[in-house]
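What follows is a single structure, written as structure tokens, with notes after it.
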2 protein chains.
Amino acid sequence: MKFCSECAHPVSLITPPDDTRERFVCTNCGTIHYQNPKMVIGSIPLWEQDGEVQVLLCRRAIEPRRGYWTLPAGFMENEESTSDAAARETEEEAGARIEIRQLFSLINVPHVHQVHMFYLATLLDLDYAAGVESLEVRLFRESEIPWDDISFPTITHTLKFLFEDLEKLRSGKGDFELHTKDLKRHFREPIPT
Amino acid sequence: MKFCSECAHPVSLITPPDDTRERFVCTNCGTIHYQNPKMVIGSIPLWEQDGEVQVLLCRRAIEPRRGYWTLPAGFMENEESTSDAAARETEEEAGARIEIRQLFSLINVPHVHQVHMFYLATLLDLDYAAGVESLEVRLFRESEIPWDDISFPTITHTLKFLFEDLEKLRSGKGDFELHTKDLKRHFREPIPT
């Protein structure tokens with residue numbers, strides 16, 4: 001940020017009175033330009049048949065991580081709820097209709113100022129189709145997940161949590177639960193800003 | 001937003017190619033200025049003695065809703081996690097040290113572009129003190145909660161969920177769980193923007 005979005009005057013990086021952090025402040029009109037983390041919201045679309053669970057993944061058609069597999073997800077928009085965002089992104093990227101279930105993972109990625117959240121979801125039909133941001137969309141059994149070609153660590157963690165909980169469910173030792181995690185800046189692959 | 005924060009040129013409200021929503025776009029330097037919801041994060045600091053649970057509330061020293069009672073909470077900052085934010089706001093507003101427990105409520109307030117989240121927490125000592133944004137800070141038993149003087153609907157809902165879950169715990173019928181809710185724009189009191 002270089003200029004005030006209200007009056008076009010250059011901004012200064014200073015700590016306002018009664019604050020503890022540096023902010024971009026306009027010394028002309030007085031506006032303080034706060035910058036806060038963004039939410040990336042997605043779904044985990046599940047299709048169950050004959051007792052076997054499959055999950056819908058999208059292969060990214062856009063950078064960063066073009067060609068890698070992801071759960072449908074994207075930045076939450078103003079005027080929508082977190083579950084609205086999950087359903088919208090699933091429709092846009094995977095052309096898929098889902099029934100949203102509970103919030104399943106909340107993963108902090110503080111070094112890129114993001115919080116990623118994924119909702120468990122039931123895929124309502126098999127008429128899915130790649131949207132403009134996806135090269136292809138398909139269902140995966142656990143044994144078929146392309147672990148080396150997953151787009152981002154938050155997707156890998158969420159899929160691992162999913163299959164751990166599914167195993168607990170199968171063996172009668174537990175149920176789906178909310179998984180929370182804070183990621184640090186030391187991944188095999190950098191997370192884009 | 002009136003001017004580009006990168007080049008000071010006036011922005012235009014248009015739908016960019018490959019997008020479905022209007023954005024503030026700079027036709028000079030090409031920057032698209034996305035605007036996304038913000039997270040308000042807080043804690044529910046609990047103090048248990050002789051089997052009785054009390055919760056720490058702060059009376060607001062600042063507008064909006066000056067003089068009304070709230071859980072310690074505020075906007076999440078860049079470079080921190082959601083639980084970091086809950087602990088920081090509790091220290092700043094209530095001068096209190098807590099141990100963060102699980103995420104307890106996630107409430108969407110889409111008409112003001114906010115998501116409010118509250119963590120259950122254990123108050124570690126009784127050396128709390130009002131910070132600059134609080135007039136006073138004190139512990140409340142359930143029977144003492146000033147329901148008519150609570151600052152915002154998300155606080156009221158979170159406190160009601162808390163006492164419902166505490167009653168379930170006492171009667172052996174359940175445990176704390178994550179509560180999610182989407183608020184609409186028809187409250188007794190307006191939510192500030």
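What you are looking at is a predicted structure, and each value in this text was computed from that prediction instead of being measured. Convention: sequence-line order gives letters A, B, ...; per-chain numbering from 1.
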Considering only heavy atoms, give the residues of residues 80-100 of chain A separated from chain B by less than 4.5 Å, sorted numerically, with 'none' for an empty result.
-> A:Glu80, A:Ser81, A:Thr82, A:Ser83, A:Arg88, A:Glu92

Can you tell me if A:Thr158 and A:Ser105 form a side-chain donor-acceptor pair at under 3.5 Å?
-> yes

Taking the six-membered ring for Trp, are the ring centroids of A:His179 and A:Phe161 within less than 6.0 Å of each other?
-> yes

In terms of heavy-atom pairs under 4.5 Å with chain A, which of B:Gln102, B:Met1, B:Met39 leads?
-> B:Met39

With the side chain counted from C-beta on, respond yes when A:Gln35 and B:Glu77 share a heavy-atom pair under 4.5 Å apart, and no when they do not.
-> no

Cationic tip of A:Arg101 above A:Phe104 ring, under 6.0 Å, 45° of axis | no

Looking just at side-chain N and O atoms, do B:His111 and A:Glu79 make a donor-acceptor pair shorter than 3.5 Å?
-> no

Hey, does the side chain of A:Asp125 reach the backbone of A:Asp127 with a donor-acceptor pair shorter than 3.5 angstrom?
-> yes

Scored by heavy-atom pairs under 4.5 Å with chain A, the best of B:His9, B:His33, B:Arg23, B:Glu133 is B:Arg23

Between A:Asn78 and chain B, which part of the residue has a heavy atom less than 4.5 Å away: side chain, backbone, both or neither?
-> both

Give, as side chain, backbone, both or neither, the part of B:Asp182 having an atom under 4.5 angstrom from any heavy atom of chain A.
-> side chain

Could you have a look at A:Val11, A:Leu178, A:Val115, A:Thr180 and say which one has the most heavy-atom pairs with chain B under 4.5 angstrom?
-> A:Val115

Could you tell me which non-hydrogen atom of A:Thr15 sits nearest to which non-hydrogen atom of A:Thr20, and how far apart they are?
-> CG2-C, 4.0 Å

Pairwise side-chain contact, B:Asp165 with B:Glu177, heavy-atom cut-off 4.5 Å (strictly under) | yes

At a heavy-atom separation under 4.5 Å, does B:Thr31 approach chain A through its side chain, its backbone, both, or neither?
-> neither

pair B:Leu57-B:Ile145: side-chain heavy atoms closer than 4.5 Å = yes

Taking the side chain as every heavy atom from C-beta outward, state whether A:Val109 and A:His116 have any atom pair closer than 4.5 Å.
-> yes

What residue, out of A:Pro10, A:Pro110, A:Cys7, A:Pro37, has the most heavy-atom pairs lying under 4.5 Å from chain B?
-> A:Pro37

Tell me, for B:Leu106 versus chain A, whether the close heavy atoms (under 4.5 Å) come from the side chain, the backbone, both or neither.
-> side chain

